[in-house]
2 protein chains.
Amino acid sequence: MNAQSVTTHLRTLGHRISRAREAIIEIFSSTTKPLTAIDVLLTLEKVGLPVNKTTVYRELEFLLAQHLLQEVQIESGIIHYESAAQDHHHHLICQTCKQIVAVDPKEIEQGIDKLARRVRINEGFTISDHSLEFYGHCAHCQ
Amino acid sequence: MNAQSVTTHLRTLGHRISRAREAIIEIFSSTTKPLTAIDVLLTLEKVGLPVNKTTVYRELEFLLAQHLLQEVQIESGIIHYESAAQDHHHHLICQTCKQIVAVDPKEIEQGIDKLARRVRINEGFTISDHSLEFYGHCAHCQ
DNA sequence: GCACTATATGCAAACTAGTTGCGTTTGTCA
DNA sequence: TGACAAACGCAACTAGTTTGCATATAGTGC
């Protein structure tokens with residue numbers, strides 16, 4: 001997710017590029033970590049661009065609708081977002097410091113797809129997506 | 001999770017078996033579906049044993065601490081609980097009607113363990129658990 | 001069966017994440 | 001530079017969950 005190309009893309013679709021929107025796009029293009037609305041709010045404050053929480057929630061919803069962000073199902077109770085431009089991947093979540101790291105799942109993906117096919121047959125489900133998270137402790141917190 | 005043996009176990013640990021506690025244990029031992037606090041509250045009402053929501057939340061916390069229930073990471077925003085006595089498994093979530101079905105993952109588990117080992121080496125993470133959910137549409141909602 | 005006491009419960013209020021309505025500001029284009 | 005719709009801020013609201021405190025009750029000993 002390149003901030004420059006994203007803003008150009010949005011502009012061609014007729015959307016405005018406000019300072020808040022630009023900053024939020026910049027935040028997500030400079031990290032692969034899943035962020036919450038609160039994370040974004042605090043980051044904007046730190047950067048000297050304080051914004052109302054309503055604006056943050058609406059902007060995340062907007063970027064989601066534009067398929068520039070995607071929701072991540074992680075820790076219960078709080079919605080996390082990450083750039084949608086990343087390759088499909090999974091997460092590694094430290095149960096102590098709560099840091100989240102992306103994992104490239106190439107080798108396992110095939111196995112998941114195989115299971116998904118079998119499940120579809122057995123249960124009558126059509127599977128369109130999946131999420132896989134690993135919980136444990138990072139090098140620091142062991 | 002056998003309701004009878006659970007209550008006996010709790011009694012030997014010095015915990016009381018109130019009617020609410022007994023009913024909640026009974027609910028979880030008679031289903032494999034992950035339930036929310038609200039689900040439990042409504043079920044208790046239906047059964048003719050209305051209980052305050054605070055009690056439900058405290059009871060779920062208690063059973064979690066006793067390792068008789070476990071949290072399930074599913075749809076964002078609401079905590080789901082299920083019996084901890086079930087074999088390790090994953091979930092199938094219908095994006096339309098929100099119903100949740102358990103999936104026995106035998107064949108895929110090996111692949112996940114393999115990935116987990118590699119990840120541990122690469123990132124310095126120690127992995128103690130994982131969650132895998134499939135999203136799609138059930139036979140009814142297709 | 002009765003009294004005692006700590007555990008479990010109910011109620012009300014608070015808290016957190018997220019949402020909505022509405023009036024105001026501002027980015028973009030002519 | 002002015003017009004106007006998109007984006008914004010504010011305040012109030014909702015849902016899920018938590019907390020403090022006073023009350024009820026399960027389990028123990030008499």
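Here is the naming used below: chain letters follow the sequence lines, and residue numbers restart at 1 for every chain.
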Exercise for the section: Enumerate the residue pairs fulfilling ring pair (Phe, Tyr, Trp, His ring centres under 6.0 Å) with a member in residues 4-27 of chain A, sequence neighbours excluded, ordered by first and then second residue. Expected result: A/His15-A/Phe62
Completion exercise
Atom CG of B/Leu13 and atom P of D/dG27 are separated, to the nearest Å, by 13 Å
Handout entry: DNA chain C: 5'-most and 3'-most nucleotides touching chain A, 4.0 angstrom heavy-atom criterion
Key = C/dA17 to C/dT28
Practice task
Find the distance B/Asn52:CG to D/dT17:P and express it as a whole number of Å.
Solution key: 14 Å
Exercise for the section: Could you state the atom-to-atom distance from CD1 of B/Ile78 to P of D/dT18 in whole Å? Expected result: 13 Å
Exercise for the section: Mind jotting down which residue pairs meet the salt bridge (Lys or Arg N to Asp or Glu O under 4.0 Å) criterion with at least one end in residues 50-65 of chain A? Sequence neighbours excluded, please. Expected result: A/Arg21-A/Glu59
Practice task
Ignoring hydrogens and angles, tell me if any N or O in the side chain of B/His140 forms a donor-acceptor pair with the backbone of B/Cys138 under 3.5 Å.
Solution key: no
Practice task
From the options D/dC8, D/dG9, D/dG27, select the nucleotide whose nearest atom is closest to the side chain of B/Ile17.
Solution key: D/dG27
Exercise for the section: Report whether B/Leu64 and B/Ile17 are members of the same hydrophobic cluster (ILVMFWY, side-chain heavy atoms less than 4.5 Å apart, transitive linking). Expected result: yes
Completion exercise
Scanning both residues in full, the closest heavy-atom pair of B/Ile93 with A/Phe125 reads C-CE2, 3.8 Å
Problem - Rounded interatomic separation in angstrom, taking CD from B/Glu59 and P from D/dA26 - result: 13 Å
Exercise for the section: Quick one: closest heavy-atom pair of A/Asp39 and A/Pro34, and the distance? Expected result: OD2-O, 4.4 Å
Handout entry: Shortest non-hydrogen contact between B/Gly48 and B/Pro50, atoms and distance
Key = C-CD, 3.4 Å
Problem - 5'-most by nearest nucleotide on DNA chain D - B/Tyr57 or B/Arg19 - result: B/Tyr57
Exercise for the section: Applying side-chain hydrogen bond (donor to acceptor under 3.5 Å, both in side chains), run through A/Asn52 and A/Thr55 and close with a yes or a no. Expected result: CA-CA 5 Å; A/Asn52 191 277; A/Thr55 303; 5.0 Å; no
Problem - d(CG, B/Leu41; P, D/dT17) in whole Å - result: 11 Å
Exercise for the section: Quick one: do B/Gln70 and B/His80 satisfy side-chain hydrogen bond (donor to acceptor under 3.5 Å, both in side chains)? Show the steps, please. Expected result: CA-CA 8 Å; B/Gln70 58 193 355; B/His80 288 69; over 6 Å; no
Handout entry: Donor-acceptor under 3.5 Å (B/Thr31 side chain, B/Ile27 main chain)
Key = no
Problem - D/dA7 phosphate, OP1 or OP2, under 4.0 Å from A/Thr55 side-chain N/O - result: no
Fill in the blank from the handout: Rounded to whole Å, the CD-P distance (A/Glu61 to D/dA6) equals 15 Å
Handout entry: Set of residues satisfying side chain to side chain donor-acceptor pair (under 3.5 Å) with respect to A/His130, sequence neighbours excluded
Key = A/His88, A/Glu109
Practice task
Mind grabbing the angle between the end helix axes of the helix from C/dG1-D/dC30 to C/dA30-D/dT1? Five pairs an end, 10° rounding.
Solution key: 30°
Handout entry: Base-contact (B) and sugar-phosphate-only (S) positions in nucleotides 20-25 of chain D, heavy-atom cut-off under 4.0 Å, - elsewhere
Key = B----B
Exercise for the section: Using whole Å, report how far CG of A/Leu44 lies from P of D/dC8. Expected result: 11 Å
